[in-house]
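To start, the structure under review is shown below, and the notes come after it.
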Amino acid sequence: MKKIIIALVSLVAIFALGFAFMSWKNPRNHPEKVSGKAETLVNETSGEKKIKIKTAGYYDLTAIKSDDLVAGREFPLVGQTNVGQFFKKNQEVTLSPNSEVEMVPSKFEKIEVEDGGIKLQNSGSYLIGKQFPEGDYEVSFSGVATDASGVQIIIETLGGKVKQEVSLSNDADKINLIVSKNTFLRLKKGLNKELILILKEK
C-alpha cells in the first residue's frame with residue numbers, strides 16, 4: 001500500500017513539474033523571445049469589423065485614425081500608442097468604423113533616466129528589469145488628469161497575476177511602489193492623453 005501511495009505521489013509531482021515547465025514555456029512568460037509580425041489593421045467600413053491576429057506576440061499599437069474616440073476595444077485612443085500588449089494567434093479583435101492601427105513587435109527597449117526620473121508616456125506594459133531596474137520607487141504624475149478615475153498602475157507577473165494595483169483617484173499624489181525583476185508595470189491612462197508617469201528611486 002505504501003508503495004502505491006509513493007508511486008501516486010511521485011506521479012503527482014511529475015505532473016506538477018511538467019505543468020510548471022509548460023507554464024514557463026508559455027509565450028506570456030517570455031516577452032523578450034516572442035516576436036510578433038508587423039502589420040497594419042484597417043477597417044474601411046462604417047461599422048465595426050472583427051479581425052484575427054495572425055501572429056502571437058507582444059505589440060506596440062498606434063491608432064492612426066478612426067471615426068470613434070478609440071480605434072477599437074483592444075486599441076488606443078486615436079493618435080496614441082499602447083505598448084507591450086500581448087495577443088494570441090488567431091485572437092479576434094474589433095476595429096471601430098473607418099479605423100487604422102499599426103502593430104509593431106514590442107522591443108522593450110531601455111528607458112533612460114531623464115531629469116532624475118524614468119518617464120512613462122504611453123499606456124501599456126513595461127518590462128521591469130530590462131526597461132528600468134527593479135527597486136523601490138516614488139511615483140508621481142506630470143500633466144493634467146482630466147479623468148483621474150481612469151488612471152491605474154498595475155504590477156503583475158509575466159503570467160498575468162496581479163501583485164499590486166493602484167488607482168490615482170484613490171491615492172495620494174505620490175505613490176510608493178516596490179517592483180521586482182521579470183514583472184510588468186502596466187499603466188492605464190484612460191482618456192488622459194497628456195499624463196506622464198514618473199518613477200524616482202528612493
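All values below come from the heavy atoms of this structure, side chains included, with hydrogens, waters and symmetry mates left out.
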Rounded distance [0.5 Å steps], CD1 in Ile51 versus CD in Gln91:
12.5 Å
Looking at every non-hydrogen atom in both residues, tell me the closest pair between Ser125 and Arg186 and how far apart they are.
OG-CD, 3.4 Å
Please find the pair of heavy atoms, one from Leu61 and one from Glu74, that lie closest to each other, and give the distance.
CD1-O, 3.9 Å
Once rounded to the nearest 0.5 Å, what's the spacing between atom NZ of Lys37 and atom NZ of Lys89?
11.0 Å
Show your working on side-chain contact (heavy atoms from CB on, under 4.5 Å) between Phe75 and Thr94 and close with a plain yes or no.
CA-CA 9 Å; Phe75 302 113; Thr94 303; over 6 Å; no
Using the rule that two of Ile, Leu, Val, Met, Phe, Trp, Tyr join whenever any of their side-chain heavy atoms come within less than 4.5 Å, decide whether Val83 and Val179 are in one cluster.
yes
Interatomic distance, CD1@Ile198 vs CD@Glu114, rounded to 0.5 Å, equals 9.0 Å
Is there a side-chain contact between Leu69 and Leu191 (heavy atoms, below 4.5 Å)?
yes
Side-chain touch Tyr126/Leu120, heavy atoms, less than 4.5 angstrom
yes
Answer whether the closest heavy-atom distance between the side chains of Leu95 and Val101 falls below 4.5 Å.
yes
Is there a chain of hydrophobic side chains (I, L, V, M, F, W, Y, each step under 4.5 Å between heavy atoms) that links Leu197 to Ile175?
yes
CD1 (Ile178) with more than 12 external heavy atoms under 6.0 Å
no
So CZ of Arg73 and OG of Ser96: to nearest 0.5 Å the spacing works out to 8.5 Å
Hey, is CD on Glu194 packed in by over 12 heavy atoms from elsewhere, all under 6.0 Å?
no
Supply the atom-to-atom distance Leu195 CG to Lys189 NZ, rounded to the nearest 0.5 angstrom.
6.0 Å
Please report the shortest heavy-atom distance between Ala63 and Pro76, naming the atom on each side.
CB-O, 3.7 Å
Residues Glu156, Lys163: salt bridge by 4.0 Å N-O rule:
no
Where do Gly190 and Ser123 come nearest, in terms of heavy atoms and distance?
N-OG, 4.5 Å
Ignoring hydrogens and geometry beyond distance, is a side-chain donor-acceptor pair present between Thr45 and Asn43 at under 3.5 Å?
yes
Mind checking whether Leu77 and Val151 sit in one hydrophobic cluster, side chains of I, L, V, M, F, W, Y counted as touching below 4.5 Å?
no
Would you kindly confirm whether Phe86 and Ile154 end up in one hydrophobic cluster when ILVMFWY residues are joined by side chain heavy atoms under 4.5 Å apart?
no
Any Leu177 side-chain heavy atom under 4.5 Å of Gln164 side chain:
yes
Between the CD1 atom in Ile53 and the CD atom in Gln85, the distance rounded to the nearest 0.5 Å is 9.0 Å
Report whether Val113 and Leu199 are members of the same hydrophobic cluster (ILVMFWY, side-chain heavy atoms less than 4.5 Å apart, transitive linking).
yes
Checking side-chain polar atoms at under 3.5 Å, does Glu165 have a donor or acceptor matched by the opposite partner on Gln152?
yes
Decide yes or no for Asn176 and Tyr137: does some side-chain heavy atom of the first lie under 4.5 Å from some side-chain heavy atom of the second?
no
Report yes if some heavy atom in the side chain of Glu39 is under 4.5 Å from a heavy atom in the side chain of Met103; otherwise report no.
yes
How close do Ser99 and Ser66 get, counting heavy atoms only, and between which atoms?
OG-OG, 2.8 Å
Determine whether Leu185 and Ile153 make a side-chain contact, defined as any pair of heavy atoms from C-beta on separated by less than 4.5 Å.
yes
Under the ring pair (Phe, Tyr, Trp, His ring centres under 6.0 Å) criterion, do Tyr58 and Phe87 qualify, and how do the steps go?
CA-CA 6 Å; Tyr58 290 85; Phe87 290 104; 9.7 Å; no
Quick one: do the Thr183 and Thr157 side chains pair a donor with an acceptor below 3.5 Å?
no
Side chains of Leu158 and Phe184 in contact at under 4.5 Å (non-hydrogen atoms):
yes
Can you check whether Lys65's main-chain N or O pairs, donor with acceptor, with Asn98's side chain at less than 3.5 Å?
no
Determine whether more than 12 heavy atoms belonging to other residues, nucleotides or ligands lie under 6.0 Å from atom NZ of Lys54.
no
A quick test of your reading: do over 12 heavy atoms of other residues, nucleotides or ligands sit less than 6.0 Å from NZ of Lys50?
yes
